[in-house]
Number of protein chains: 2
Amino acid sequence: MAFFLSTFTNKVDKKGRVSVPATFRAAVAGGAFPGIVLYRPFNLACIEGADMAFLERLSDQFYDEFGPFNPDQAALTATILAGAVQLAFDPEGRVMLPGEFKEHAGITDTATFVGIGRKFQIWGPEAFEAYQADQFVKAAEAAPKLRPAKGGQP
Amino acid sequence: MAFFLSTFTNKVDKKGRVSVPATFRAAVAGGAFPGIVLYRPFNLACIEGADMAFLERLSDQFYDEFGPFNPDQAALTATILAGAVQLAFDPEGRVMLPGEFKEHAGITDTATFVGIGRKFQIWGPEAFEAYQADQFVKAAEAAPKLRPAKGGQP
DNA sequence: CCATGTCATCCCATGATATCCCATAAATAC
DNA sequence: GTATTTATGGGATATCATGGGATGACATGG
């Protein structure tokens, strides 16, 4: 499955197009769908994205955890999957962010792509800086909870 | 998985390129990504690096231990993975160190690669000497805490 | 059924920057 | 002594992000 790392800030032109970082495009290349899938997380003011395989796995996870007719499963499915969009790359590797997605993330003319493993996020630059500072503190608290693993933690 | 040993000091040219020690390149060869992955550790003025499999395993460990929407998981991935970079080797086995990484480690025209097992570090030469002297003292204190291992000690 | 405007997609151009490719020199192996 | 590998330097080339114009699809209204 695709893997996303690093942070990139790109411009959104007046047509609403934005270049997906080349490394992210390379990460999803070879998958079933030549593009990315975006959805709005319920608890963050950003856009989340991944390749198609990630969303399929997420859907299966909802079913396996809760069962096919469970209300929790229905709520998560309706919130995340029903509101998702798949965006194809244009020949230059750009996508068009839908208006509702840009509003949800507070994106106007600049978008920050943040790779966080199997998925990535898209933020307005100033919102991301605030979020990142907050997460740094939380990460320092959470790190000791990790169990030892071969190779050690960073 | 890759394993890194020993210390090497190489030049950083005016384009920002630096040769990765040949033994380190050999250690990551055969992996999915022909290069290395770097990130800035919380509490050290250096760069840490490993192969791609190291970060993939770390990321998947976060997901498995905390669940896909857990706040601790989000904090750790946002802090470590978002600040990481993947650097591919050029045909001569060099990589380009990003400016923020060089500044964080105080690297200008010389970089010291330090293999420490499953990962390695990159230091400015004078910062590394000070760090190494400090670690020698701490190692002497820590060694007695090791428990006996089946099969005897080295 | 056709005309029209809107929107999205494609295609080309551009500057910056990173990547490739070749050359050199030192060290090591045979 | 010769051949390889390695680290290093510099010029040439390709890639990437970005902007704008042209072409096409679609729906709406006449």
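Fair warning: this is a prediction, and the values are worked out from it, not measured in the lab. Naming convention: chains lettered A, B, ... in sequence-line order (proteins, then strands); numbering from 1 in each chain.
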A.B. asks: Which nucleotide, D/dG20, D/dT8, D/dT18, lies nearest any side-chain atom of B/Lys11?
C.D. replies: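 Selected nucleotide (nearest to the side chain): D/dT8.
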A.B. asks: Do A/Glu92 and D/dC16 share a donor-acceptor pair, side chain to base, under 3.5 Å?
C.D. replies: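 Between D/dC16 and A/Glu92, which were checked side chain against base, a qualifying N/O pair under 3.5 Å is absent.
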A.B. asks: Checking ring-ring contact (aromatic ring centres under 6.0 Å, His included) between A/Phe120 and each of A/Phe54, A/Phe24, A/Phe8, which is the one that passes?
C.D. replies: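 Result: among A/Phe54, A/Phe24, A/Phe8, A/Phe24 is the only option passing the ring-ring contact (aromatic ring centres under 6.0 Å, His included) with A/Phe120.
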A.B. asks: Return no unless some side-chain N or O of B/Lys15 is found under 4.0 Å from OP1 or OP2 of C/dT17.
C.D. replies: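 For B/Lys15, the contact criterion (side-chain N or O under 4.0 Å from OP1 or OP2 of C/dT17) is not met.
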A.B. asks: Please report the distance, rounded to the nearest Å, between CG in A/Asp109 and C1' in D/dA17.
C.D. replies: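 Distance check: A/Asp109 CG to D/dA17 C1' gives 15 Å.
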A.B. asks: Measuring from the side chain of A/Met96 (C-beta onward, heavy atoms only), which nucleotide among D/dA7, C/dT9, D/dG20 has the closest atom?
C.D. replies: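 Nearest to the side-chain atoms of A/Met96, counting from C-beta on, is C/dT9.
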A.B. asks: Name the closest nucleotide to the A/Lys14 side chain, picking from D/dG10, D/dT8, D/dG20.
C.D. replies: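 The nucleotide sitting nearest to the side chain is D/dG20.
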A.B. asks: Identify the heavy atoms of A/Phe4 and A/Ala27 that sit nearest to each other, and give their distance.
C.D. replies: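 The answer is CE2-CB, 3.9 Å.
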A.B. asks: Can you tell me how far C1' of C/dA8 sits from CG of A/Asp90, to the nearest Å?
C.D. replies: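 Roughly 10 Å, once rounded to whole Å.
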A.B. asks: Specify the separation, in whole Å, of atom CZ of B/Arg17 and atom C1' of D/dG11.
C.D. replies: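 It works out to 10 Å between those atoms.
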A.B. asks: Compare the minimum distances between each of C/dC11, D/dT8, C/dC21 and the side chain of B/Ser19, then state the nucleotide with the smallest one.
C.D. replies: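 My answer, after comparing the listed nucleotides, is D/dT8.
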A.B. asks: Rounding to a whole Å, what distance do you find between A/Phe89:CZ and D/dC16:P?
C.D. replies: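 After rounding, the reported distance stands at 12 Å.
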A.B. asks: Side chain of B/Arg25: nearest nucleotide among C/dC21, C/dC11, D/dT6?
C.D. replies: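 Of all the options, the side chain of B/Arg25 is nearest to D/dT6.
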A.B. asks: Quick one: does any side-chain atom of B/Asn10 pair with a main-chain N or O of B/Ser19 as donor and acceptor, under 3.5 Å?
C.D. replies: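 Yes.
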A.B. asks: Measure the distance from CG on B/Asp13 to P on D/dG10 and round it to the nearest whole Å.
C.D. replies: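 Rounding to the nearest Å, CG of B/Asp13 and P of D/dG10 are 8 Å apart.
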A.B. asks: Can you tell me how far P of C/dC20 sits from CZ of B/Arg94, to the nearest Å?
C.D. replies: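 To the nearest whole Å, that distance equals 11 Å.
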